[in-house]
K.L.:
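A single structure is presented below for examination.
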2 protein chains.
Amino acid sequence: MDREAARDHVLDAAEELFYGRGIQAVGMDEIRSLSGVSLKRLYQLFATKDRLVEAYLERRDLSWRRRLAEHVESCDDPEGRIIAVFDWLELWFGEPGFRGCAWINSYGELGATSATVAAQARRHKQAFGRYLETLTDGAHLPRDLAGHLLLLAEGAMVTAGILRDPGTAAQARAAAGLLLESARRTRPPAPAG
Amino acid sequence: MDREAARDHVLDAAEELFYGRGIQAVGMDEIRSLSGVSLKRLYQLFATKDRLVEAYLERRDLSWRRRLAEHVESCDDPEGRIIAVFDWLELWFGEPGFRGCAWINSYGELGATSATVAAQARRHKQAFGRYLETLTDGAHLPRDLAGHLLLLAEGAMVTAGILRDPGTAAQARAAAGLLLESARRTRPPAPAG
DNA sequence: GTTAGTGGAGAACGCTCGTTCTCCACGACG
DNA sequence: CGTCGTGGAGAACGAGCGTTCTCCACTAAC
């Protein structure tokens with residue numbers, strides 16, 4: 001197994017275990033068992049557990065935002081794209097093993113003791129917020145709306161994780177629709193032609 | 001120091017440390033140091049650390065909901081009470097040492113490994129949700145609104161904790177105002193008299 | 001065939017921490 | 001005055017875990 005493949009296996013195992021059970025609850029031995037990569041090699045790839053955690057959050061950030069963007073961009077209507085964010089949340093919440101947002105959970109676990117984890121959570125949420133702004137910009141709607149949608153989406157992630165209520169995403173989408181409608185009223189679309 | 005006073009001191013220390021730094025990051029020795037209660041006595045009051053965590057979350061649940069209710073009930077207007085929830089969030093977010101919601105953080109840390117903590121987080125959020133329903137009921141507004149407000153409030157707690165943006169509560173209040181307005185439009189207040 | 005190098009398996013080390021134990025000071029009672 | 005019980009301080013124990021080390025099998029070059 002070459003270096004890249006080993007790295008991927010380790011990160012796959014880390015993501016499954018850290019996300020599913022929490023970071024502190026998972027030992028390096030378990031990462032080894034699940035990844036099939038020896039402890040020696042593991043420490044050659046990631047010098048410390050902290051580094052592995054960092055790489056896990058980093059890789060998940062890229063894939064999470066890519067998956068969201070791919071779903072949203074399958075919709076052509078600018079306002080429809082905004083709603084599509086919440087459709088995607090619903091898909092995500094329904095995935096087996098869903099356990100809330102990895103960054104919210106990591107922040108709760110390590111935000112107070114690890115500046116790195118706190119910064120990664122902050123960056124991830126800022127990136128998500130900026131993405132929502134590109135969507136409201138694209139629909140010629142005020143950026144305030146993006147901020148409101150961010151709060152709704154974050155609340156939905158938390159609530160879906162803790163309450164395990166499958167209706168949470170639909171609730172969030174409904175609220176997003178109402179906010180979008182309010183925003184449209186204050187700034188109607190530019191006249192066609 | 002009698003049993004009750006010792007118990008209070010221990011819970012005060014536990015709340016300060018667990019909330020401020022995370023549960024797993026704080027050892028029983030530190031609880032002893034800060035509370036001034038000997039380890040022996042501490043274990044007489046709480047047989048295990050798990051029990052202490054349980055008692056911490058339990059007591060904080062009661063005080064958090066009481067503080068919220070006291071602020072909300074200082075307002076007489078039924079719709080004003082709904083907005084007052086978000087005013088109180090702003091006060092809370094501004095308190096020194098604010099670090100997000102204790103239950104969201106605990107759930108992120110221990111939700112996957114402790115059924116007790118997961119259940120306490122769930123109960124706390126359900127109680128908050130029911131409280132919001134009493135407020136929408138009181139204003140003769142649909143319960144859907146309460147669900148939407150819950151998501152906004154949860155999102156605000158998470159975002160304020162992670163992003164440390166002091167404008168978060170105001171954003172949430174503005175969004176709540178828009179949702180309230182939408183809801184009022186669909187179900188106008190009963191005619192006076 | 002011998003040897004040097006690589007990598008795997010897992011034992012070992014050192015630290016942290018939850019929990020228990022030891023020892024001692026002190027006050028109450030005979 | 002002696003002794004017994006209570007409670008405090010903190011040492012000690014045992015488990016878990018991050019990290020390192022040891023040992024060995026295997027391969028390739030000469």
Side-chain angles (χ1 to χ4, degrees), chain A residues 1-57 105-106 108-117, chain B residues 1-58 105-106 108-117 120:
Chain A
M1 197 193 299
D2 72 357
R3 190 181 172 89
E4 276 312 299
R7 199 184 147 90
D8 287 347
H9 280 108
V10 169
L11 286 173
D12 288 345
E15 182 154 4
E16 177 171 341
L17 294 171
F18 287 158
Y19 176 71
R21 305 228 313 272
I23 292 168
Q24 296 181 88
V26 171
M28 293 297 267
D29 264 15
E30 256 177 304
I31 305 273
R32 167 185 62 173
S33 303
L34 187 59
S35 67
V37 170
S38 76
L39 224 42
K40 193 190 229 171
R41 197 101 184 269
L42 210 170
Y43 275 97
Q44 282 171 357
L45 293 164
F46 304 97
T48 64
K49 187 182 181 182
D50 286 353
R51 292 294 188 84
L52 175 57
V53 170
E54 200 178 328
Y56 145 62
L57 290 173
N105 292 345
S106 302
E109 190 173 353
L110 296 169
T113 52
S114 161
T116 308
V117 168
Chain B
M1 197 195 299
D2 71 357
R3 191 181 171 89
E4 276 312 298
R7 201 185 147 88
D8 288 346
H9 281 107
V10 170
L11 286 174
D12 289 345
E15 182 155 3
E16 177 171 340
L17 295 172
F18 287 158
Y19 177 71
R21 303 229 312 274
I23 292 168
Q24 297 182 85
V26 172
M28 295 297 267
D29 265 15
E30 256 177 305
I31 305 273
R32 166 184 63 174
S33 303
L34 186 59
S35 67
V37 170
S38 77
L39 224 41
K40 193 191 230 173
R41 197 103 185 266
L42 210 170
Y43 275 96
Q44 283 171 359
L45 293 164
F46 304 96
T48 63
K49 187 182 180 182
D50 287 352
R51 293 294 190 82
L52 175 57
V53 170
E54 200 178 328
Y56 145 62
L57 289 173
E58 184 70 24
N105 291 345
S106 302
E109 191 173 354
L110 296 169
T113 52
S114 163
T116 308
V117 167
Q120 282 183 291

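Note on naming: letters A, B, ... go to the chains in the order of the sequence lines (proteins, then strands), and numbering restarts at 1 for each one. Only a predicted model underlies this, so the values are computations on that prediction, with no experimental measurement involved.
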K.L.:
Give the C-alpha distance, both sets of side-chain angles, the deciding distance and a yes or no for side chain to side chain contact (heavy atoms under 4.5 Å, CB included) between A:I31 and A:L42.
P.N.:
CA-CA 9 Å; A:I31 305 273; A:L42 210 170; 4.0 Å; yes
K.L.:
Output the single nucleotide from C:dG8, C:dT19, D:dG18 whose closest atom is nearest the side chain of B:T48.
P.N.:
C:dT19
K.L.:
What integer distance in Å separates A:I31:CD1 from D:dC17:P?
P.N.:
12 Å
K.L.:
Expressed as a whole number of angstroms, how long is the span from B:Y43:OH to D:dT6:C1'?
P.N.:
21 Å
K.L.:
Rounded to whole Å, how long is the line connecting atom CG of B:D29 with atom P of D:dA12?
P.N.:
14 Å
K.L.:
Taking the side chain from B:E109 and the backbone from B:Q24, do they hold a donor-acceptor pair closer than 3.5 Å?
P.N.:
yes
K.L.:
A:Q44 has an atom CD; how far is it from atom P of D:dC21, in whole Å?
P.N.:
13 Å
K.L.:
How many whole angstroms separate atom NZ of A:K49 from atom P of C:dT16?
P.N.:
16 Å
K.L.:
How long is the line joining CG of B:L42 and P of C:dG18, in whole Å?
P.N.:
11 Å
K.L.:
Please determine which of B:L57, B:V26, B:L11 meets the side chain to side chain contact (heavy atoms under 4.5 Å, CB included) test together with B:F18.
P.N.:
B:V26
K.L.:
Nearest whole Å is fine: how far is C:dG10 C1' from A:R41 CZ?
P.N.:
17 Å
K.L.:
Counting side-chain heavy atoms from CB outward, which of D:dT20, D:dG10, D:dG18 is closest to A:M28?
P.N.:
D:dG18
K.L.:
When you get a sec, tell me which of D:dA9, D:dA11, C:dG18 is the closest nucleotide to the side chain of B:S38?
P.N.:
D:dA9
K.L.:
About how many Å separate CZ of B:R21 and CG of B:N105, when rounded to the nearest 0.5 Å?
P.N.:
14.5 Å
K.L.:
Under 4.0 Å, heavy atoms only, any strand: does B:K40 hit a base, just the sugar-phosphate, or nothing?
P.N.:
base
K.L.:
Which is true for B:V37 with a 4.0 Å heavy-atom rule: it touches a base, it touches only sugar-phosphate, or it touches nothing?
P.N.:
nothing
K.L.:
Is there, by distance only and without an angle test, a donor paired with an acceptor across the side chain of A:R32 and the base of C:dG10 below 3.5 Å?
P.N.:
yes
K.L.:
For B:L45 and D:dT6, give me the distance from atom CG to atom C1', rounded to whole Å.
P.N.:
15 Å
K.L.:
Rounded to the nearest 0.5 Å, how far does CZ of A:R32 lie from OH of A:Y43?
P.N.:
10.5 Å
